[in-house]
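Just so you know, these numbers use all the heavy atoms, side chains as well, and skip hydrogens, waters and symmetry mates.
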Amino acid sequence: MTQDRIDVFADATEDWQFIHVDPVRAKRETSFDGTIAHGFLTLSMLAAMSADCVPKIDGVRLSVNYGFDRIRFLSPVRADSLICANFIPADLIQDSSQEWTIHWNVEVMIKDQTKPALAARWITKRYF
């Protein structure tokens with residue numbers, strides 16, 4: 001999670017709070033020892049991380065984000081941290097012969113930390 005990525009996200013969302021974009025002030029005025037990523041940036045990375053590790057399902061023509069039942073930001077993601085995610089399918093619901101809903105239990109982990117950065121229940125749809 002680079003400072004450049006955090007800055008671009010700040011510009012896209014117009015959330016320029018100093019804890020995200022001012023490393024000197026964040027180091028001086030917070031207990032984070034520098035800047036931290038926006039929680040919503042960490043959440044937004046789920047799409048990219050899932051593409052890297054969730055197996056493809058044969059016959060799927062479209063996969064969409066349907067939303068979340070629960071999101072918790074448990075630990076700050078400091079600039080220049082390495083993050084990864086665990087995606088565990090919790091529920092699989094066949095809505096029709098061509099539509100499935102998948103509920104995922106997701107944790108975003110920070111390298112060298114035991115407490116997750118984020119825990120969520122993510123809902124996706126698969127269309128065949």
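Taking each heavy atom of T30 and G34 in turn, the nearest pair found is OG1-O, 4.1 Å. The shortest non-hydrogen separation linking Q3 to A79 is OE1-CB, 3.4 Å. Considering all non-hydrogen atoms of both residues, F87 and C53 come closest at CD1-SG, 3.4 Å.
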Subject >> Chi angles and distances behind the side-chain contact (heavy atoms from CB on, under 4.5 Å) call for M49, V108 >> reply: CA-CA 9 Å; M49 290 188 284; V108 174; 4.0 Å; yes

**OP:** Determine, step by step, whether L74 and L118 satisfy the side-chain contact (heavy atoms from CB on, under 4.5 Å) criterion, reporting the C-alpha distance in whole Å, the side-chain angles of both residues, the deciding distance to 0.1 Å, and the verdict.
**Re:** CA-CA 5 Å; L74 303 171; L118 179 148; over 6 Å; no

Subject >> Full working for side-chain contact (heavy atoms from CB on, under 4.5 Å) between D80 and T2 >> reply: CA-CA 5 Å; D80 299 320; T2 66; 4.3 Å; yes

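A salt bridge is defined here as a Lys NZ or Arg NE, NH1 or NH2 lying under 4.0 Å from an Asp or Glu carboxylate O, and K125 with E99 meets this definition. Using a cut-off of 4.0 Å between Lys/Arg side-chain N and Asp/Glu carboxylate O, R121 and D91 are scored as salt-bridged.
In this structure the side chain of M109 reaches within 4.5 angstrom of the side chain of N86, judged on heavy atoms. Contact annotation: the side chain of L46 approaches that of F68 to within less than 4.5 Å [non-hydrogen atoms, C-beta and beyond]. A heavy-atom distance below 4.5 Å is not found between the side chains of D112 and I110.
With no hydrogens or angles considered, no side-chain donor-acceptor pair links W122 and N105 at under 3.5 Å. Judged by distance alone, the side chains of S75 and K115 never bring a donor and an acceptor atom under 3.5 Å apart.
Counting heavy-atom neighbours within 6.0 Å of F40 CZ, excluding the residue itself, gives a total of 12 or less. In the displayed structure, Y127 atom OH is contacted under 6.0 Å by more than 12 heavy atoms of other residues, nucleotides or ligands.
Going from atom CZ of R126 over to atom CZ of R61 covers 13.0 Å, rounded to the nearest 0.5 Å.
Considering W100, Y66, W104 as possible partners of T124, the one that fulfils the side chain to side chain donor-acceptor pair (under 3.5 Å) test is W104. The side-chain contact (heavy atoms from CB on, under 4.5 Å) test with M1 singles out one residue from L82, T35, L41, and that residue is L41.
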